[in-house]
Amino acid sequence: MAKKQALVNMRKNLQELEVKMANTSLTNEKAMEENASETCSHMKQLCNSITKARVLMSKVFSTFNFLTIINLRYTNLENEGTIALVNALKNSAPSLKAIEMAGSNITDEAAPDIAACLAAKKHLKRLNLSKNDLKNEGCFVIAQSLEALELKYVDMSYNNLRREGALSLAHVVVKKEGFKMLNIDGNMISFEGIEEVREIFKNCPKLLGPLDENDPDEGDEDDDQELENLEDYEDEFVSVFYFY
């Protein structure tokens, strides 16, 4: 009985968001931010208050085809909640235009489910997964799912991305007609990786956000380690070759 009442209350609160979100336009940055701040507070409270019932939450979301914006920034969804949510959204909310899930403790474990949901959202304009921990592994999977979308803004800053992850995103979004901005700041992209990304955007540099908070030293250390591993493998291969 308690679960049923929780579902009823949650549905009522979310339906109230429909009216408030209807006039939101992604082309109006100020309007979107004001609307997100005002109308999504209920949604955040719902997610924070039912941490132990994330799967129940996902079942509710699956019935709301009117949603155009999902704003769940800093709601501590973690992988379990994220996977439940995106699986519920995959076959609902056909007009979804913005997904905001920054700072939700999401790792690359949830990336395949996120990618499957994104691939079904052909009209998605904005994707914000910043301040999570998707790393290169998660970025590769998600980047592939973005190829057929109408995206204009992608924020994957502060996700412990390195050179290859940054390049995978850059190659996908730079080809999109009407694309506005890629933010990959605050990651660990090597100096070489930064130059390669900038080369990809050489004909449209304004589409690449600043990289002031990137930590190239960490990225260079990672690249050096990969090079050392490759050299060790080559030495081992040569030794085996001579042995035979």
Side-chain angles (χ1 to χ4, degrees), residues 26-27 29 33 73 98-112 114-115 118-119 121 124-238:
L26 284 174
T27 61
E29 296 295 323
E33 291 300 323
R73 289 178 291 185
I99 296 177
E100 300 271 347
M101 296 175 68
S104 295
N105 293 324
I106 306 170
T107 74
D108 57 295
E109 179 183 336
I114 294 173
L118 293 175
K121 305 304 170 191
L124 193 69
K125 300 293 191 296
R126 177 187 294 270
L127 175 64
N128 182 0
L129 291 170
S130 64
K131 296 184 179 180
N132 286 296
D133 192 25
L134 290 166
K135 299 182 179 178
N136 277 358
E137 294 79 3
C139 186
F140 294 148
V141 177
I142 291 172
Q144 290 178 358
S145 72
L146 306 182
E147 293 184 357
L149 306 188
E150 301 173 355
L151 279 166
K152 295 185 181 299
Y153 300 91
V154 175
D155 191 342
M156 289 282 282
S157 57
Y158 300 94
N159 261 290
N160 290 317
L161 304 185
R162 299 183 185 272
R163 172 177 168 269
E164 293 299 330
L167 289 174
S168 68
L169 276 174
H171 281 300
V172 170
V173 301
V174 76
K175 303 173 185 176
K176 292 188 176 297
E177 184 176 355
F179 190 75
K180 302 291 186 183
M181 178 68 68
L182 171 65
N183 184 2
I184 49 173
D185 200 10
N187 286 300
M188 298 180 288
I189 310 166
S190 65
F191 285 111
E192 179 186 2
I194 291 174
E195 291 306 312
E196 288 177 290
V197 170
R198 285 176 173 160
E199 178 66 19
I200 293 171
F201 285 90
K202 66 179 180 181
N203 295 324
C204 47
K206 292 183 179 180
L207 304 187
L208 179 63
L211 293 165
D212 301 335
E213 298 297 322
N214 183 62
D215 188 353
D217 292 333
E218 287 290 336
D220 283 332
E221 289 178 8
D222 184 64
D223 289 346
D224 290 342
Q225 184 62 49
E226 289 182 0
L227 182 60
E228 289 178 10
N229 292 341
L230 179 60
E231 290 173 347
D232 290 342
Y233 174 80
E234 290 175 343
D235 291 341
E236 182 179 352
F237 177 80
V238 171

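Only this structure's heavy atoms are used, side chains among them; waters, hydrogens and symmetry mates stay out.
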Report summary line: CG of L161 to CD1 of I184, rounded to nearest 0.5 Å, is 7.5 Å

**Report entry** Nearest atoms (heavy-atom pairs only) where E213 meets D185
**Finding:** N-OD1, 2.8 Å

Requested in this report: For N160, check side-chain contact (heavy atoms from CB on, under 4.5 Å) against everything at least two apart and list the hits.
Outcome: D133, K135, M188

Query - Contact summary for E137 and D108, nearest pair of heavy atoms - result: CB-OD2, 4.0 Å

**Report entry** M156 backbone acceptor or donor facing N187 side chain under 3.5 Å
**Finding:** yes

Query raised in the report: Do K125 and E150 touch side chain to side chain, with heavy atoms closer than 4.5 Å?
Result: yes

Query raised in the report: Nearest heavy-atom pair of S104 and N132: which atoms, and what distance?
Result: N-OD1, 2.9 Å

Can you give each donor-acceptor pair under 3.5 Å made by side-chain atoms of residues 166-178, sequence neighbours left out, with the distance rounded to 0.1 Å?
from: S168; atom 1: OG; to: G165; atom 2: O; distance (Å): 2.6
from: K176; atom 1: NZ; to: L146; atom 2: O; distance (Å): 2.6
from: K176; atom 1: NZ; to: E147; atom 2: O; distance (Å): 3.1
from: K176; atom 1: NZ; to: L149; atom 2: O; distance (Å): 2.8

Query - Listed once per pair and sorted, the side-chain hydrogen bond (donor to acceptor under 3.5 Å, both in side chains) pairs that draw on residues 193-207, sequence neighbours left out - result: R163-E196, E199-K202

Report task. Using modelled atom types only, decide if a donor and an acceptor are shared between the side chain of N183 and the backbone of S157 within a distance under 3.5 Å. Result -> no

Query raised in the report: What heavy-atom pair brings V141 and P112 nearest, and what distance separates the two atoms?
Result: CG1-CA, 3.9 Å

Query raised in the report: Are the side chains of D155 and L127 in touch, meaning some heavy atoms are under 4.5 Å apart?
Result: no

Query raised in the report: So, the side chain of N214 versus the backbone of D212: is there a donor-acceptor pair under 3.5 Å, distance only?
Result: no

Report summary line: Residues I142 and I114: closest non-hydrogen pair is CD1-CG2, 4.1 Å

Query - Interatomic spacing from CD in E100 to OG in S130 - rounded to 0.5 Å - result: 8.0 Å

Requested in this report: State, yes or no, whether a side-chain contact exists between V154 and F179 at a heavy-atom distance under 4.5 Å.
Outcome: yes

**Report entry** Nearest heavy-atom neighbours spanning S145 and A115
**Finding:** CB-O, 3.3 Å

**Report entry** Short side-chain to backbone donor-acceptor contact, N159 and L129, under 3.5 Å
**Finding:** yes

Requested in this report: Report the distance from atom CZ of R73 to atom CG of N128, rounding to the nearest 0.5 Å.
Outcome: 6.5 Å

**Report entry** Pairwise side-chain contact, L182 with L207, heavy-atom cut-off 4.5 Å (strictly under)
**Finding:** no

Query raised in the report: Heavy-atom count around K131 NZ within 6.0 Å, excluding the residue itself: above 12?
Result: no

